[in-house]
Number of protein chains: 2
Amino acid sequence: MESDVSANSRLTIAAHALTWIGLYQRRGHEVATSEQIAASANTNPVVIRRLLAKLSKAGLVDSRRGAGAGWMLARDLAAITLLDVYQAIEPGPVFAMHRAAPDPECVVGHGIGPAMTAVYDDVEAALRGELAKTTLEDVLRDILKAA
Amino acid sequence: MESDVSANSRLTIAAHALTWIGLYQRRGHEVATSEQIAASANTNPVVIRRLLAKLSKAGLVDSRRGAGAGWMLARDLAAITLLDVYQAIEPGPVFAMHRAAPDPECVVGHGIGPAMTAVYDDVEAALRGELAKTTLEDVLRDILKAA
DNA sequence: CTTGATGTAACCATTTTGGTTACATTGGTG
DNA sequence: CACCAATGTAACCAAAATGGTTACATCAAG
């Protein structure tokens, strides 16, 4: 215990992958391979494929198999928000309830669940609202501006 | 991999502990012990003490040692927001960057870090803003209302 | 039919999370 | 003063999450 800075990097990697595909296609290529993306993101191709598989189920990308296989965007970068990406890869909530149910005989133990759930719902809504404000086009613009 | 619903329950347990102490004191008791709180939250007293230790460092609670030892609020429930609790126990960010630095030769690999950091900063601000809206007095009111 | 890449399962090392034991320390009380 | 209940922490552990890696069946264009 004691160390923090947990959190996972999936949203970052997924945004990286999609942005990379978008830029690659914009430069005239049909599809991008998980190997190319993995090289840019400095991770393993399987990690990329796992994320893209989820993004594919969410309708954000399409894949082509066989020879000349690879990935392509299903929508323009401007039509994909970070919320879309987040929802595609992170079904779980940010905050968890008690690991084991609290004492139902205790007033606090009995009522804290619903009370915190209500708050967490609002927090998640705020988080989603904020993620929805940024599209991958915005991210790419930021990237190109800084280059 | 694959399962989700990660997230930790620390904020929930910490809010539970503080609310419990507040109600207990309101009923005329001087201090609450980690054992009592642990019984209500259905966890181990050491887990409670670990959290309260951090909350103590943040100035939200005080502890008394020796005989008649225990914990008491350093401020009224109405003067403690969930943001105060969150900051006391969760220094780390919600989203992480690449585990290994991306390819600096690649435009995306080079610029994605600052771009995502900017977004994440806004998201965290929104999350904190939402947590700041609720005080533990609000939580307790909710609990008592439902009882 | 060959080939290059997807789609997934499987396995593993590392880290996080939280539960548990253990124990030194504290300070009021009998 | 000795007792004792509870804090404050270290240490250890089991379970789960996170990502990296190998392996391989499948697919489809050439």
Side-chain angles (χ1 to χ4, degrees), chain A residues 1-14 16-17 21 29-39 41-57 61-72 89-100 102, chain B residues 1-14 16-17 21 29-39 41-57 61-72 89-100 102:
Chain A
M1 212 93 89
E2 193 74 21
S3 69
D4 284 279
V5 187
S6 52
N8 67 65
S9 61
R10 285 189 292 262
L11 182 55
T12 301
I13 302 298
H16 187 139
I21 297 172
H29 300 87
E30 283 275 323
V31 299
T33 70
S34 61
E35 191 150 6
Q36 296 172 312
I37 301 166
N42 193 11
T43 181
N44 192 289
V46 176
V47 172
I48 298 298
R49 276 182 249 150
R50 279 201 288 237
L51 283 173
L52 288 179
K54 292 196 173 190
L55 297 174
S56 173
K57 278 173 192 159
V61 296
D62 285 320
S63 65
R64 182 184 294 174
R65 305 192 58 167
W71 305 84
M72 68 201 76
I89 62 177
E90 302 281 2
V94 175
F95 298 107
M97 282 296 127
H98 302 68
R99 167 177 287 205
Chain B
M1 210 98 86
E2 193 76 22
S3 69
D4 284 279
V5 189
S6 53
N8 67 66
S9 61
R10 286 189 292 263
L11 182 55
T12 301
I13 301 298
H16 187 139
I21 298 172
H29 299 88
E30 281 274 322
V31 298
T33 70
S34 60
E35 191 150 7
Q36 296 173 311
I37 301 167
N42 194 10
T43 180
N44 192 289
V46 176
V47 172
I48 298 297
R49 275 181 250 151
R50 278 201 287 237
L51 283 173
L52 289 179
K54 291 195 174 190
L55 296 174
S56 174
K57 277 173 192 158
V61 297
D62 285 320
S63 64
R64 183 184 293 172
R65 305 193 57 165
W71 304 83
M72 67 201 79
I89 62 178
E90 300 283 1
V94 174
F95 298 108
M97 282 296 128
H98 301 67
R99 166 177 287 206

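Quick note on labels: first sequence line is chain A, next is B, and so on, each numbered from 1.
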*Asks:* Distance check: side-chain N/O of Arg99(A) vs OP1/OP2 of dT17(C), anything under 4.0 Å?
*Replies:* no

*Asks:* Is any side-chain nitrogen or oxygen of Ser34(B) closer than 4.0 Å to OP1 or OP2 of dT7(D)?
*Replies:* yes

*Asks:* Below 3.5 Å between N/O atoms, which protein atoms pair up with nucleotides 26-30 of chain C? Just atom names and distances, please.
*Replies:*
from	atom 1	to	atom 2	distance (Å)
dT26(C)	O2	Gly66(B)	N	3.0
dG27(C)	N2	Ala67(B)	N	3.4
dG27(C)	N3	Ala67(B)	N	3.4

*Asks:* In this structure, how many angstroms lie between the P atom of dT18(D) and the CG atom of Asn8(B), rounded?
*Replies:* 11 Å

*Asks:* Which nucleotide wins on minimum distance to the side chain of Asn44(A), given the candidates dT6(C), dT7(D), dT22(D)?
*Replies:* dT22(D)

*Asks:* Please state whether the phosphate of dA5(C), meaning OP1 or OP2, lies under 4.0 angstrom from any side-chain nitrogen or oxygen of Thr33(A).
*Replies:* no

*Asks:* Between Ser9(B) and dT17(C), is there a contact of a side-chain N or O with OP1 or OP2 at under 4.0 Å?
*Replies:* no

*Asks:* To the nearest Å, give me how far apart CZ (Arg49(A)) and C1' (dT21(D)) are.
*Replies:* 11 Å

*Asks:* Locate the shortest heavy-atom distance separating Glu90(B) from Asn8(B); write the atom from each residue and the value.
*Replies:* OE2-OD1, 2.9 Å

*Asks:* Provide the closest heavy-atom pair for Val31(A) versus Gln36(A) in the form atom of the first, atom of the second, distance.
*Replies:* O-OE1, 4.4 Å

*Asks:* Kindly write out the residues that satisfy salt bridge (Lys or Arg N to Asp or Glu O under 4.0 Å) with Arg99(A), not counting sequence neighbours, or none if the list is empty.
*Replies:* none

*Asks:* Could you grab the distance from atom CH2 of Trp71(B) to atom CZ of Arg49(B), nearest 0.5 Å is fine?
*Replies:* 8.5 Å

*Asks:* Which nucleotide sits closest to the side chain of Ser63(A): dA6(D), dG8(D), dG7(C)?
*Replies:* dG7(C)

*Asks:* Nearest-Å distance, CD (Gln36(B)) to C1' (dA6(D))?
*Replies:* 11 Å

*Asks:* Can you name the closest pair of heavy atoms from Ala41(B) and His16(B) and give their distance?
*Replies:* CA-CE1, 3.6 Å

*Asks:* dT16(C) C1' sits how many Å from Glu90(B) CD, rounded?
*Replies:* 11 Å

*Asks:* Can you tell me if the side-chain N/O atoms of Arg10(A) get under 4.0 Å from OP1 or OP2 in dT18(D)?
*Replies:* yes

*Asks:* Minimum heavy-atom separation for Val61(B) and Leu52(B), please, with both atom names.
*Replies:* CG2-O, 3.6 Å

*Asks:* As a test of reading the structure: which of dG8(D), dA5(C), dG18(C) is closest to the side chain of Trp71(B), going by heavy atoms?
*Replies:* dG8(D)

*Asks:* Let's see if you can work this out: which of dT20(C), dA23(D), dT7(D) has an atom nearest to the side-chain heavy atoms of Ala69(B)?
*Replies:* dT7(D)

